[in-house]
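We're numbering straight along the sequence, starting at 1.
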Amino acid sequence: MYFIGLIALLISLPILGIAGAWLHLDAAGIDAIRQQAQTVLPGYLATSGWLALFVTTGVIVVGAATAVAIGLFEFRGKRFLSWALLLPMAMPAYVSAYAYTDFLQYAGMVQSSLRDIFPGFRIDVRSLSGAIFLFVFTLYPYAYLLARNALSERGVHLMEAARLLGTPLHERICRVALPLARPALMAGAALALMETLADYGVSAYFGLTTFTTGIYKAWMVMDDRIAAAQYASLLLLFVAVLLWLERREQQRMRFSSVRGNRSNGGDDAESRLPQLHGVKAVAAWLVCATPIVLGFVLPVLILLQLMWRESEMSLATNLARYAGWTWNSFRFGGMAGTIAVVLALALCFAQRASDLPRFRYGFLRVVARIASMGYAIPGSVIAIGILLPIAWLQAVFPGSMAGVWLTATSLGVIYAYLVRFTAVAVQSVEAGYTRIPMSFDEAARTMGTSRRRIVQKLHMPLLWRSLATAGLMVFVDVVKELPATLLLRPFNTDTLAVIAHNLARDERLGEAALPALSIVAVGLIPVLLVTRALRRGCAVSE
């Protein structure tokens with residue numbers, strides 16, 4: 001058990017290292033902070049603040065509108081739209097940025113046609129407003145999914161009660177449905193906001209001065225580890241506040257998670273949904289189809305067109321290199337997924353053990369909670385959390401081998417992935433453990449079975465679905481991860497995410513289309529899993 005605690009502590013070490021960066025602040029560091037506060041820091045705060053404000057607002061508006069349409073009304077095509085609204089979750093924002101940049105370029109067909117109609121018309125997609133647009137239409141599914149679940153569980157019954165009392169439809173939506181979905185919308189918006197703050201690809205490609213690009217520039221361009229640590233710690237503090245708010249909203253969601261009783265002879269609540277026809281049905285279709293088209297269909301079509309155009313030129317010569325990039329992505333994803341599943345199983349079993357002394361159990365709980373923050377923390381912050389202690393060790397112990405092991409090596413990249421994504425595996429395994437009664441463990445222990453055999457012979461056969469899901473989710477997240485890979489990858493080792501970013505940065509969008517589409521294809525896997533789970537849940541409820 002001490003070994004498991006040590007592993008959890010190692011996963012938490014970069015987070016603790018960032019938090020402790022201020023403990024070693026000297027006069028030079030204070031001077032640097034003062035200089036940054038007068039130069040670059042206001043720009044980072046302003047850009048990140050505007051992004052946070054407008055992305056949060058947009059995600060709430062789009063998520064609420066789609067959740068109300070799907071959760072409270074019945075219309076033709078609703079079943080298709082209900083799962084299609086999740087498709088933008090497979091589209092990383094930086095991939096969508098590459099597609100829209102080509103589609104809306106100044107000399108392109110769209111802007112040229114609009115200038116013929118409206119002289120002087122111009123769209124600059126590589127701007128703050130363009131980034132807000134991309135984030136809103138790729139991240140709204142977080143708010144949509146949570147709000148839809150909240151409304152479908154209890155909203156139908158309350159809306160029916162309000163209708164019987166004579167309340168008009170628009171008032172039922174504004175005074176019943178939206179207040180009921182507010183905690184879910186806030187929780188989804190918090191998740192979307194954390195993804196926005198963690199982004200590096202869109203901000204770097206559009207030339208925005210956010211905290212994430214500032215961290216990368218301070219470390220890799222200016223070689224200023226003090227400034228990088230300070231930016232990372234500020235971002236870490238903001239993420240910690242967001243996590244606290246998101247957990248608070250999740251607790252509030254429990255009050256609206258009880259299904260209403262069936263009535264009217266056992267009729268299902270779905271049968272009481274108002275049926276939309278004519279103009280109202282068309283409006284519901286537009287509300288739901290617009291984010292699907294803007295967030296997934298249009299970017300995919302643009303990338304396919306770019307790939308087809310590239311295939312006429314030199315795509316065949318790049319297939320060998322493409323195979324290498326794919327192998328690197330899948331290799332890192334497979335290794336990180338396998339190790340994360342093993343660590344998650346060990347951590348969850350250690351916390352499940354009821355015979356641990358109180359202090360050891362408390363230590364494991366605290367360390368596991370810190371380690372679970374990793375998923376909400378940007379990859380660039382985790383990379384700095386790894387590089388900062390290494391730099392300190394090399395300064396204190398010049399002969400230390402930590403830098404050789406973790407700097408520009410596969411081990412360093414895998415370590416960063418584990419710090420960031422072990423929390424995903426832990427959540428999946430914990431959900432699986434909730435379905436295994438403790439009486440199974442107690443019966444096995446009374447027969448003298450060791451802990452190792454309990455895990456091997458009892459838990460793993462019952463947890464195989466959860467373990468497979470955990471490994472798959474980590475694999476997909478690793479394939480999409482960009483900033484940590486950029487900072488820590490070995491030399492001459494590029495993944496699909498890195499090469500797509502580099503090619504797009506060099507304005508070689510046609511060559512970037514194939515790796516970008518590959519990332520989208522891999523990202524579809526968890527979307528299909530979520531869709532399948534939702535369908536099974538609906539079948540059970542019916």
Side-chain angles (χ1 to χ4, degrees), residues 90-96 98-99 200-201 204-205 300 303-304 306-308 310-311 313-343 379-380 382-383 386 404-422 424-425 467-506 508-529:
M91 178 69 66
Y94 60 84
V95 172
S96 189
Y98 309 153
Y200 173 78
Y205 187 56
V300 168
L303 291 172
L304 286 172
L306 285 171
M307 189 177 70
W308 177 259
E310 178 65 19
S311 67
M313 298 182 291
S314 60
L315 183 60
T317 61
N318 292 329
L319 288 180
R321 290 190 299 166
Y322 170 76
W325 305 329
T326 305
W327 165 246
N328 290 331
S329 296
F330 283 30
R331 174 168 60 95
F332 287 146
M335 294 171 61
T338 302
I339 299 173
V341 167
V342 173
L343 293 179
S380 56
I382 290 175
I386 294 173
V404 177
W405 293 340
L406 296 177
T407 304
T409 63
S410 297
L411 179 61
V413 177
I414 296 298
Y415 181 36
Y417 292 151
L418 292 177
V419 173
R420 178 137 161 71
F421 300 124
T422 295
V424 179
L467 295 175
T469 301
L472 184 61
M473 297 292 286
V474 174
F475 173 85
V476 172
D477 283 331
V478 167
V479 171
K480 295 193 294 185
E481 173 61 28
L482 177 62
T485 313
L486 273 174
L487 285 169
L488 295 172
R489 75 189 191 281
F491 296 110
N492 297 322
T493 303
D494 291 326
T495 63
L496 290 171
V498 171
I499 201 65
H501 169 74
N502 290 341
L503 291 173
R505 182 191 58 193
D506 296 338
R508 298 158 63 185
L509 292 173
E511 297 177 60
L514 181 58
L517 281 171
S518 301
I519 296 170
V520 175
V522 173
L524 281 173
I525 298 173
V527 174
L528 296 176
L529 289 176

Open item on the list: A side-chain contact here means heavy atoms from C-beta on lying under 4.5 Å apart; do P515 and T326 qualify?
Closed with: no
Open item on the list: Do M335 and S410 make a side-chain contact, defined as non-hydrogen atoms from C-beta onward lying under 4.5 Å apart?
Closed with: no
Between [atom1] on residue [X] and [atom2] on residue [Y], distance to nearest 0.5 Å:
X	Y	atom1	atom2	result
L467	L472	CG	CG	12.5 Å
K480	L496	NZ	CG	13.0 Å
T485	Y417	OG1	OH	2.5 Å
L486	D494	CG	CG	8.5 Å
L524	I519	CG	CD1	12.5 Å
L306	Y98	CG	OH	13.0 Å

- [ ] Walk me through it: do H501 and Y200 pass the test side chain to side chain contact (heavy atoms under 4.5 Å, CB included)?
- [x] CA-CA 10 Å; H501 169 74; Y200 173 78; 4.0 Å; yes
Minimum heavy-atom separation for [X] and [Y], please, with both atom names.
X	Y	value
F475	V522	CE2-CG1, 4.1 Å
A512	A500	CB-O, 3.8 Å
V520	P92	CG2-CD, 4.3 Å
G201	L482	CA-CD2, 3.6 Å
A336	L418	O-CD2, 3.7 Å
T495	S329	CB-OG, 3.2 Å

Task: Check against side chain to side chain contact (heavy atoms under 4.5 Å, CB included), L509 and L503 - done: CA-CA 6 Å; L509 292 173; L503 291 173; over 6 Å; no
- [ ] Would you check, one step at a time, whether the test side chain to side chain contact (heavy atoms under 4.5 Å, CB included) holds for S518 with Y322?
- [x] CA-CA 10 Å; S518 301; Y322 170 76; 2.5 Å; yes
Open item on the list: Is the distance from the ring center of Y94 to that of Y205 below 6.0 Å?
Closed with: no
